[in-house]
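Chain letters run A, B, ... following the sequence lines, proteins first and then strands; every chain starts at 1. Any value given below was found using the heavy atoms of this structure, including those in side chains, with hydrogens, waters and symmetry copies removed.
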Protein chains: 2
Amino acid sequence: MTERPRSSASPGIPQERSTRQKRALAAVLDTSPVFRSAQELHAELQARGENVALTTVYNQLRALAEVGELDSLRGDDGETRYRRCRTESHHHHLVCRVCGRTVEVDGPEVESWAETVAARHGFADVAHTVEVLGTCADCARYG
Amino acid sequence: MTERPRSSASPGIPQERSTRQKRALAAVLDTSPVFRSAQELHAELQARGENVALTTVYNQLRALAEVGELDSLRGDDGETRYRRCRTESHHHHLVCRVCGRTVEVDGPEVESWAETVAARHGFADVAHTVEVLGTCADCARYG
DNA sequence: ATCGTTGCAAATGTTTTGCATGTCA
DNA sequence: TGACATGCAAAACATTTGCAACGAT
């Protein structure tokens, strides 16, 4: 296996390519403040007249989430929902169980509590998930 | 529709029945300190020589969790894991990502933080999920 | 004898994968 | 052109459901 330099790309590092489908999905995600499932996003694309295969939506969402460009959330119904990250820093979510509206919140108390609790039990490399679920003001009024 | 009193049961309230399968599953759950999936529990039953259909395991787990006898947890892999409740009161979990060991922890800070954050945004009927994931001392040493 | 329970088979629903074809660079 | 992306069809999973047979009370 004699190696030979490629023309203009580092070996092994795959190139991202811009496609209509990626752009369309990105556009939908950009205008979507709440978490949405692959199916919902796919439906939205259809509604916009963009034909993108469901498979592709899945593939993209997974890839984007892996790279950290999307926040993902697994619901009780088994669906994974995605949303574009807004804040760079670590944060948590306050989700309305009725309309799905999401507010990003941070919580120094929680961070330090998690650290403390973990340390007390000898745990290292600590990560944590915090989700607060409730009924937002609007939904409580009319729901 | 003339009504007539039944011999010994209130109408509409179903009776629980004790079966070999239920007992077997309960036994496994009793000796299981960590969260386990339906599949794992089913395998364990097989290993013990108890033939219980996977369907039944699923049915039971769902029923038990509904009644609040089991804590359930949805993992990133899409599997739901179950474990017998230990504490009556509200609590959270500190889970070792390597061996799955679980410690139950409580956190007044978190509770009040969740309340506060939700209230600040006008959310009602607040529930929250908190999970701390880390590597426990043993696994960190040898892992 | 009743009526909850079981468990097979089949359905459901989400997500992944194989692979031939399309397309950006 | 050539590597990555797409998308159909089908697989892979976890879980649920229909329903006939079973068994605890």
Exercise. So which of residues 39-50 of chain A are in contact with DNA chain D, with a heavy-atom cut-off of under 4.0 Å?
Worked result: none

Choose from [options] the nucleotide whose nearest atom is closest to any side-chain atom of [X].
| X | options | value |
| --- | --- | --- |
| B/Y58 | C/dT14, D/dT6, D/dT15 | D/dT15 |
| A/A38 | D/dA14, C/dT15, D/dT15 | C/dT15 |
| B/K22 | C/dT14, C/dT6, C/dT15 | C/dT6 |

Output the rounded distance in Å from [atom1] ([X]) to [atom2] ([N]).
| X | N | atom1 | atom2 | value |
| --- | --- | --- | --- | --- |
| B/R36 | D/dA14 | CZ | P | 15 Å |
| B/Q60 | C/dT5 | CD | P | 7 Å |
| B/L54 | C/dA10 | CG | P | 16 Å |
| B/D77 | D/dT15 | CG | C1' | 14 Å |

Exercise. How far does the helix from C/dA1-D/dT25 to C/dA25-D/dT1 bend, going by the axes of its first and last five pairs, to the nearest 10°?
Worked result: 30°

Exercise. Would a distance-only check, ignoring hydrogens and angles, find a side-chain to backbone donor-acceptor pair under 3.5 Å from A/K22 to A/R17?
Worked result: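 Yes, because the side chain of A/K22 sits within donor-acceptor range (under 3.5 Å) of the backbone of A/R17.
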
For this session: Using the test side-chain contact (heavy atoms from CB on, under 4.5 Å), find all partners of B/E40 that sit at least two apart in sequence or belong to another chain.
Result: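 Applying side-chain contact (heavy atoms from CB on, under 4.5 Å) to B/E40 gives B/R36, B/S37, B/R81.
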
Exercise. What residues form a side-chain contact (heavy atoms from CB on, under 4.5 Å) with B/V103, not counting sequence neighbours?
Worked result: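 B/V103 satisfies side-chain contact (heavy atoms from CB on, under 4.5 Å) with A/H121, A/F123, B/L94, B/V105 only.
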
For this session: Could you walk me through whether A/V130 and B/H128 pass side-chain contact (heavy atoms from CB on, under 4.5 Å), step by step?
Result: CA-CA 7 Å; A/V130 176; B/H128 61 275; 5.7 Å; no

For this session: Over 60° means perpendicular and under 30° means parallel, so classify the ring planes of B/W113 and A/H92, tilted if in between.
Result: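 Plane angle over 60°, so perpendicular.
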
For this session: Looking at every strand, decide which applies to B/T80 at a 4.0 Å heavy-atom threshold: base, sugar-phosphate, or nothing.
Result: sugar-phosphate

Exercise. Just checking B/N51: base, sugar-phosphate only, or nothing, at a heavy-atom cut-off of under 4.0 Å?
Worked result: sugar-phosphate

Problem set entry | All side-chain hydrogen bond (donor to acceptor under 3.5 Å, both in side chains) counterparts of A/Q21, not counting sequence neighbours | none

For this session: Not counting sequence neighbours, which residues clear side-chain hydrogen bond (donor to acceptor under 3.5 Å, both in side chains) with B/T56? List them please.
Result: none

Exercise. So, for A/V126 and A/A114, which heavy atoms are closest and what is the spacing to 0.1 Å?
Worked result: CG1-O, 4.4 Å

Problem set entry | Contact summary for B/S72 and B/T80, nearest pair of heavy atoms | CB-CG2, 4.1 Å

Exercise. Can you find a side chain N or O atom of B/T56 that sits less than 4.0 Å from OP1 or OP2 on C/dT5?
Worked result: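 Answer is no, no contact under 4.0 Å.
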
Problem set entry | Contact list for residues 47-59 of chain A, test salt bridge (Lys or Arg N to Asp or Glu O under 4.0 Å), sequence neighbours left out |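 Those involving residues 47-59 of chain A are A/R20-A/E50, A/E44-A/R48.
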
Problem set entry | Qualifying salt bridge (Lys or Arg N to Asp or Glu O under 4.0 Å) pairs with a residue from residues 24-35 of chain A, counting only residues at least two apart or across chains |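 Only A/D30-A/R84 qualify under salt bridge (Lys or Arg N to Asp or Glu O under 4.0 Å).
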
For this session: Would you mind building the protein contact string for nucleotides 17-25 of chain C? One character per nucleotide, 5' to 3', B for base within reach (heavy atoms under 4.0 Å), S for sugar-phosphate only, - for untouched.
Result: B-----BBS

For this session: Hydrophobic side-chain clustering at under 4.5 Å (ILVMFWY, transitive links): who's grouped with B/L54? Put none if nobody.
Result: B/Y58

Exercise. Which ILVMFWY residues can you reach from A/L29 by hopping between side chains whose heavy atoms are under 4.5 Å apart?
Worked result: A/L25, A/V28, A/L41, A/L45, A/V52, A/V57, A/L61, A/L64, A/L70, A/Y82

Problem set entry | Pair B/R23-B/S18, side chain to side chain donor-acceptor pair (under 3.5 Å): steps then yes or no | CA-CA 7 Å; B/R23 269 174 266 124; B/S18 166; 3.0 Å; yes

Protein-nucleic acid N or O pairs under 3.5 Å, nucleotides 19-21 of chain D:
none

